[in-house]
Each structure stands twice: as structure tokens, then as C-alpha cells.
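A quick write-up on the structure given underneath.
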Amino acid sequence: MERQFTKEIESLRLGNGETFHGEGILAVTKALLQSGVSYVGGYQGAPVSHLLDVMVQARDYLDELGVHVEACASEAGAAAMLGASVNYPARGAVTWKSIVGTNIASDALSYLSSSGVMGGTLIVCGEDYGEGASVALERTHAIAMKSSMWMLDPRPNLGTIVEMVERGFELSEASNTPVMMELRIRACHVRGSFVSKQNVSPAISSRRKLEGPPAEFIYDRLAHPPAIFRQEKLKSDVRLPAARRFIAEHRLNEAFPGDAGEIGIVVQGGLYNSLLRALRVQGLADDFGGCRIPILALNVVYPLVPEEIVSFSKDKKAILVVEEGQPEFIEQEIATILRRAEAPAKLHGKDMLLMAGEYTTEVLVRGVSSFVAKHASRLDVSPGKRWLEGISATRRKAGELLGSMPARPPNFCVGCPERPVFSAMKLVGQDIGKPHVSMDIGCHAFASFEPFSQGNTVLGYGMSLAAAAGVGPMSQRRPVAVMGDGGFWHNGLLSGVASRLLNHGDGVLVVMKNGYASATGTQELISSPTEEARRTAIGGGAVHADRRIEDALTGMGVKWLRTVDNYRVSEVAKTYKEAMTSDYKGLKVIVAEGECQLERQRRLRPEVNAILSRGERHVRVKYGVDEDTCTGDHSCIRLSGCPTLTVKDNPDPLRRDPVATVIDGCVGCGLCGENAHAAILCPSFYRAEVVQNPNAWDRLVSSVRSFFQ
Ligand code: SF4
Ligand code: SF4
């Protein structure tokens, strides 16, 4: 990972009374250290990647404190790490992207929550729900409920987030239960400040080691029969009441007053800022958090404290529950609480707000307006109505002016090594017919969009080969599974490769060996290029010195295995066609090798800048299109989709079709030339060398050339 978090690491060292400035997710990182955490693990994924990235880069400092950090191979491994807190009073935290990560971790989480914990455990989940989401939309809340783990959802305010981390550990210890914390995308990236405290060196740590396992063997700490029967009872009879007591006594939920006391709003803490914004638009709140409607912000969304809900609803005609996503777990629980208490307040929620999808300001303004109009008509909601009319008018006008806008699907980076593989697959598909392509999580999933349109399913990280297992036997043509090296190590090797070998299944697996878990921020894998290989690559050499993927495959018994250089489209196409048509019945694996271009450019840019600032000669390769030769049929674009290969007006007044052109930003990956050759396109592409800081010879050659032009 080339991104350096030097500044962020410095802020982790802040002591008592100093002010921390930064993002929500970094505040969590600092709060973990302030809480005396002994170990931290996790698996990268937006929006919580930075937590682990910063911790990994801050290893030296964490060693000083005695905090162990582990970049786990999967979320399941991270969850299992929390086992260290079952028998020992050591605090531990793990992090991942949810819902995917929580699904993967849920086996270990079930066992952990059954055993219960002695040391506080905190699971920081990036709640990837809403308009910026990149995975299936589901709520982590469901997993917390089914395993009887508590769920924090802090108000997006750095002080509150930090307090919830610290209280989360205490809550976990007071109730012997793991605690989850959901942080939406906006909460992770909200900026602010808080007054920091000194970090705490944990009492049990890599510096202060345990002498051995507990002196007394306690069978009840194993999630195994017969202990599980008692543990199941403990969850409801002991741990839940203890948690509710702690939440009430320490006032983890916040009640905000308002003069319109006949109504009230109960909101998930994480949505508090969005709600305030919606109320502000309606003239019911000010810029400083003052609000006319009383609000109960649930920083703990599970479990609820019945007394708090009943007390908040007292003397109110109606309350509105603002809860994002489906189903309405909180609203249902509140309905039960109010009914049992025979509380008279009417309950609204999903009847006035959307059942599914993100609660944007617009959604909230509509919902809150209906609620206020029904139960507090003395409040003027006309500013909200005018705001909504303004939005509708802007939309209408934009539609009239712009018409229907073309879709802008996500795309690979300029020069991405995965693009040439899909060019080759597309070419072969035109030749032998399109196969079923099972996609995986990762950058290669962009090939599901135009111009490749390859990818019939995405069923989880490292699951593509497994997802093709049922398709193969009922298809004339071999199914193809595409998987990144991140997915391969995470799950694909066992769930896909081992299962296929065990079942003697046929099929083709393409492993994109780009060297990193690129889609989540280019974190390193066990097959990432070594420092030495990276240095060699600066000079243009091969970057992947290791053959761990190939060795693992061979070791497991894969007999048909080829490694290809992604950018050699003709060779990739030849190998892929061979895999698709070979008489060999069994798993055929193509390891497609090409370093992630994003990572490569991050490494090259400072190198090149240094060369240029020293005034030294540097040659940059760029591709271009000869506009006189370009036929204007754009086959090259349909085969590549590179954002820097685009169109421009035809300079020939006698021809109307726009011509292809390569704009600034081309990194000279060579795909344009390779595609032209492999697909026998028009000979309009040329390769140019842009010489920066030319020497005397360059100048002489240039003048001779100019003379003859
Ligand atoms: S991050 Fe790397 S692998 Fe992903 S699209 Fe960009 S260049 Fe390709
Ligand atoms: S050579 Fe072609 S595909 Fe590669 S970066 Fe340049 S324009 Fe894009």
C-alpha cells in the first residue's frame, strides 16, 4: 500500500488535553488506544479501511504501547481473534465492511457471543448501506439481534463517537457480551475535533505477557454442549438486563428537548445529523442543534431500554421512529414496549418514511412533514413544502434542458491490467460464443458493464468459482469464473478451487493477479510484489517475483495451469481459447499477471517528479490515433473502454463520423496497440515517446526529423 498516513499516525500520539482534528474513522482509531485495547484485527473494506491501514502503518508506535495489530486474511479470522477476550481480561477490537464482512464472520461471532467475553470486545462495522454502497444492502442490526450482541450507532460527532468507543468496551465488560458499532459512510468521513486523552498501555499485551492459560479450566467458556444451553439462558436472563442497566445508568442515549412536546422523534444515532438537516430545512431546527421537536437519539440501537422509550413517549400524542433500512426492527421493538406499557402515544415510522433505501434529506423532509402535519399542525411546515417544490422544479428543468442523460457506469482505471484480459475474452467470445461468466467482488466486476458486459452473477468475495459449479453441468459451453487475487486468498482457494477439485468439475478460472486487494485501497496480500520486485518494476521489469498463487494451485492438484502477461492480448486470447476448447476435463486456471496500475502510478509519480526536478532526461510513452487513418467505426473503443481513448470531431469536412483520439492521461499501457493487432483493427494507432528534459542527441534527432517533415 503506497498511501502514507504519516499525519494520521502523528495524531494517534496526542495526549491529555490536546485537540484531535480529523475524520470519524480516525477518531475511532485513537479512541481504541485511549481505551487500552490489547489487540486489533480486521479485514479492509470501505468505509472503515483507514482504521486498519493506519494501525498497520503505525506498528512501531503500537509496539511501544504493546498493542498487537493483525491484517487478517478474512473477516472470519478477525472475528475469531476476539477469542482472546473470552478467557482473559484483555480488550480487543476488529473491523470490517458490513454486511459482507459480518456475514463472513458470523460463524465465529455466534460462538463468541454464546461463550461471552471477559475483556471488552468491539466490532467496528462499516455500515455500507445507502446511495454510496458497493455491496448488497442489508442491515448489520439483524446479526446483532440474532446473536444477542449489542449494537452502537453513535451520533456522527467526533466527541460522541469517541465516547461510544470507550463506553462500548465498558458495556461489553459489564454484560460479558461482544459489542458491535455500526458506522455509516458519512459517519466514517465526518470531520471534526475532540479533546484527546493519553493512550493506555494495556495490562495484558505483547509487552506484558500472560504466564499461561487460566489456572482454572472453565468449561462454561466453551461454546459447546452442554455449556451452550446455559449460555443461551444467560443471554436473556443476565447479560441483557446488565446491558440495559449500564446503558441507562451511563445515559448512552441522548434526549434533546423541544418546545413541541406533544410529539417526539426517536432516531438512530447515526442518522441524527441527517434528521437535523431535514428539520433545519423545515424551519424546525437551527444551525446549532436547537430543535423544536424533542428527539431521542439512540446511540445504542440494540438493546433498547424500555423505561427510556416509555419515559420519552410520556405526555406525547405521537412519536416518529426514524430508522433506515428494512425491516423496521427498532420500530417493532418500540411498538412492543409501548403496548406492554399501555402507553397512549401513537407510533409512526415506516408508514411515513420509506421502507428501503437511504434516508436522504429529501426522504426525511417528506416523512417528517407528514408526521408534523398529522399530529402538530400548529407547527409551520411550509418552508419544507417550498423546499420540496424547489427540488421538483430543479429536476423538471434539468430534464427539459438535458433530456435523458447517458448512463455513466463505473470503469477500470486508465491503463488497468484487467482491461486487456476482458478485451481478449471478448474477442474469443466473438469467435467461439459467449460463455456464462461468474464474477467476483473486486475491480474486475467493472467488466460487467459496457463495453465488456461480461458477468452473469456476483455472489460474494472469492465465491465466483463456487457460483459457477451448478452452471457447468447444465451448459454446453464451459462456464468461466473470474476472481481477483484478494478474493482468491480470502475464500476462493477453498470454496472454489478445493471444491471443484474434490468434485472433479470442469470449468475455467481466471485469477487476476494484480498484486493487491485493489478495490479496497490496494492493501497487501501474501502474494504482493516484494519491495525488490517493485523497485525493478520502476525500470519496466516484471513486478511479480513470487509464484505463491501458482504454487498453491499446483499443490492442491490443479493440472492445467497457465500464467499470462495481461497486456499481451493475443497471447491471453490464445491461452483463454485453449482453456475453453481443450479436451482436458477438469479445472483450468489462468493466472493473469499485471500490477494494479493505480498502485504502479502512485509509486512511479514521485520517482518521475524527482527525475524531472533534477533536470534529468525522462521518456514517457503515450499512444495516439492518426485521425487521417481512423475509419470512425470505433471498434477500438468497444474493445477497450479506457477513459483516455475517446472521440473528437472529424477534422475532415467531408466525413461526419467522429474519430477516435487519445487524450492526456494515457499511461502508455500499450493496450491500444495490442488490441489493434489482436483484433486486426485499422492501423491508426501509433506509439509515441514523449521526451522530457531532452539531451543534445534528442535535440539533434528532433531537428533532423523536423527538417525532413
Ligand atoms: S485499482 Fe488497480 S486493479 Fe482496480 S481498476 Fe484501478 S488499476 Fe485496475
Ligand atoms: S494505451 Fe490505450 S488503453 Fe492504455 S492507457 Fe493509453 S489510451 Fe488507455
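When a ligand or atom number is given, it counts from 1 through the structure's own listing order. Reckoned from all heavy atoms, side chains included, excluding hydrogens, waters and symmetry mates.
Note on Glu599 versus Arg602: salt bridge recorded, some NZ/NE/NH1/NH2 to OD/OE distance being below 4.0 Å. Between Glu418 and Lys513 no salt bridge is recorded (no basic side-chain N to carboxylate O distance below 4.0 Å). A salt bridge links Arg603 with Glu595: the closest approach of a Lys/Arg side-chain nitrogen to an acidic carboxylate oxygen falls below 4.0 angstrom. Between Arg568 and Asp565, at least one side-chain N (NZ, or NE/NH1/NH2) sits under 4.0 Å from a carboxylate O, which counts as a salt bridge.
Within ligand 1, counting atoms from 1 as listed, the ones closer than 4.0 Å to a heavy atom of Asn514 are 3 (S). Atoms of ligand 2 found under 4.0 Å from any heavy atom of Val414, numbered from 1 in the order shown, are 5 (S). Atoms of ligand 2 lying under 4.0 Å from any heavy atom of Val667, numbered from 1 in the order shown and given with element: 5 (S).
Taking the six-membered ring where the residue is Trp, the centroids of Phe412 and Phe446 are separated by under 6.0 Å.
Protein atoms of type N, O or S found under 2.8 Å from atom 6 (Fe) of ligand 1 total 1.
In this structure, CD on Glu627 lies 9.0 Å from SG on Cys630, to the nearest 0.5 angstrom.
Shown here are the protein N/O/S atoms lying under 2.8 Å from atom 2 (Fe) of ligand 2, water excluded: Cys672 SG.
Side chains of Ser438 and Ser464: a donor-acceptor N/O pair is absent below 3.5 angstrom, by distance only. Side-chain contact annotation: Glu578 with Thr581, donor-acceptor N/O pair under 3.5 Å absent.
In this structure, Arg562 places its CZ atom where more than 12 heavy-atom neighbours from other residues, nucleotides or ligands lie under 6.0 Å away.
Residues Leu465 and Phe488 fail the side-chain proximity criterion, which asks for heavy atoms closer than 4.5 Å. By the 4.5 Å heavy-atom criterion applied to side chains, Asp485 and Met512 are not counted as neighbours.
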